[in-house]
Amino acid sequence: MSPRIAQRLSQVERSATVAMLDTVHRLRATGVEVLDLGGGEPDFETPPHIGAAATRALQEGDTHYTPSRGLPELLRAIAAKLSAENRITVDPAAGVIVTPSAKHALFVALMTVLDPGDEVIVPTPAWVSYAAMAGLAGARAVSAELRAEDGFRITRRLLESCVTARTRAVLVTTPNNPTGRVLDLAEAADIVAFAVDHDLVVITDEIYEKIVYDGREHLSIASLPGAADRTLTVNGFSKGYAMTGWRLGYLAGPEALVTPALKVHEHTVSCASSFVQRGGIAALTGPQDGVHAMAKEYEARRDLVVGALNALPGVSCALPEGAFYAFADIRATGLTSAEFAQWLLAQTGVVVAPGTAFGAGGEGCVRLSFAASRSVLERAAERMASALPGLRTG
Ligand code: PMP
Ligand code: GLU
């Protein structure tokens with residue numbers, strides 16, 4: 001029998017970034033040595049006090065459902081963090097949902113605001129899952145194509161050019177994966193004014209907020225005047241706290257959006273894991289020195305990787321302002337992004353993500369994650385420096 005697969009899946013690709021993580025696991029299991037700059041996954045261990053809190057919770061038998069919105073103590077910790085660090089005011093009892101991953105928070109947000117046939121504007125290059133999630137909701141992501149030449153700046157004019165009668169939301173990421181761009185106040189204000197004028201919901205993915213460079217400050221869109229009642233802020237613990245395997249994130253915003261979102265959350269996962277949430281409380285309320293140390297180390301690695309890339313023939317790369325990705329322009333090598341990524345893996349064992357995974361506008365670029373150890377980054381840089389001249393002449 002050939003089973004009938006729902007039509008909506010024909011519009012959706014498998015996740016290119018998750019596939020890359022899987023490929024690396026598979027190659028390593030067969031003994032192949034790879035230098036993984038592909039998937040965006042911190043190489044650091046989760047700070048030990050967070051693990052200890054979750055272990056204690058398990059030992060104490062905290063292995064049952066929690067309230068669907070999340071443990072009240074965690075909801076309060078998230079609301080306090082949003083107020084102190086992001087200047088966002090939310091009601092801990094009504095304006096937050098703890099989710100198993102930021103990915104699930106994004107899915108919940110899109111399912112809550114998009115009907116079949118609706119559109120969400122997504123500035124691209126963008127992380128791989130937004131368009132797929134919109135597709136799973138039966139809706140469509142409309143690309144607002146940003147230009148490397150303009151430093152991937154979001155402009156009001158570009159957003160206006162994407163609006164149709166079906167536009168319901170705009171989804172932005174700051175700091176950005178894959179471009180490394182951090183939104184400034186003027187851009188954020190333009191996004192809010194645009195959303196107000198067209199009566200749109202803003203979904204903002206701030207999962208890399210802890211990783212910003214050169215003394216920059218992360219800016220939360222929901223903190224801007226006029227934004228709070230139409231903005232859903234998504235965040236999580238994976239990147240800043242090196243907790244990818246824990247699967248813990250959250251969604252925060254006005255009750256009028258968050259309470260309806262509970263229907264999606266409750267009917268898909270009920271709640272995030274109980275002992276994992278106890279780790280989340282320890283993360284938010286415990287010492288933050290590990291988070292700052294990781295961000296500082298990413299900054300040093302950024303300089304190492306971007307310096308090495310710009311020394312390669314046919315490659316140029318701007319300095320990312322945040323997140324842990326270098327988005328390098330490889331057009332002068334004469335290869336497409338996918339060809340370059342394949343060639344590099346075959347020649348050097350270095351895994352990178354083709355720019356096209358992040359939208360058609362990513363053609364000509366590859367993304368290198370520097371959430372890998374310095375020794376891996378140094379070896380990757382050496383191997384690329386040896387291999388690239390051969391590509392240009394050969
Ligand atoms: N948003 C962006 C931009 C990401 O790069 C990721 C990485 N996985 C996520 C959301 C999801 O994070 P998680 O599901 O691990 O919380
Ligand atoms: N966000 C990471 C990346 O962009 C991890 C994989 C994923 O969840 O997409 O590589």
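In each ligand, atom 1 is the first atom listed, and ligand 1 is the first ligand listed.
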For D205, the atoms of ligand 1 under 4.0 Å from one of its heavy atoms are 1 (N), 2 (C), 3 (C), 10 (C)

Any ion pair linking R230 and D199 (charged N to carboxylate O, less than 4.0 Å)?
yes

N or O contact, T244 vs ligand 1, cut-off under 3.5 Å:
no

When you measure from the side chain of Q277 to the backbone N and O of A272, does any donor-acceptor pair fall under 3.5 Å?
yes

Just by modelled atom types, is the T99 backbone N or O under 3.5 Å from a matching donor or acceptor in the H265 side chain?
no

Option passing side chain to side chain contact (heavy atoms under 4.5 Å, CB included) with L171 (candidates T204, V120, V234)
V120

To which of K239, K103, M243, E206 does the heavy atom nearest atom 8 (N) of ligand 1 belong?
K239

Under 3.5 Å: N/O of L106 near N/O of ligand 1
no

Closest to atom 11 (C) of ligand 1 among protein heavy atoms sits W127 CH2, 3.7 Å

Between T233 and E206, a side-chain donor and acceptor under 3.5 Å:
no

Out of curiosity, is G236 lining ligand 1, as in a heavy atom under 4.0 Å away?
no

Tell me which one of Y298, Y208, F358, F370 satisfies ring-ring contact (aromatic ring centres under 6.0 Å, His included) with Y325.
Y208

Check ion pair D115-R166 (N to O, under 4.0 angstrom):
no

Within the 4.0 Å heavy-atom shell around Y130, which atoms of ligand 1 are there?
3 (C)

Distances under 3.5 Å, N/O of ligand 2 against N/O of the protein: list each pair and its distance.
from	atom 1	to	atom 2	distance (Å)
ligand 2	1 (N)	W127	NE1	3.4
ligand 2	1 (N)	K239	NZ	3.3
ligand 2	4 (O)	W127	NE1	3.3
ligand 2	4 (O)	N177	ND2	3.0
ligand 2	4 (O)	R367	NH1	2.9
ligand 2	8 (O)	K103	NZ	3.1
ligand 2	9 (O)	T17	OG1	2.5
ligand 2	9 (O)	W127	NE1	3.1
ligand 2	10 (O)	G40	N	2.8
ligand 2	10 (O)	R367	NH2	2.8

Applying a 4.0 Å heavy-atom criterion (strictly less than), which segment of Y208 is in contact with ligand 1: side chain, backbone, both, or neither?
side chain

Any R247 heavy atom less than 4.0 Å from ligand 1:
yes

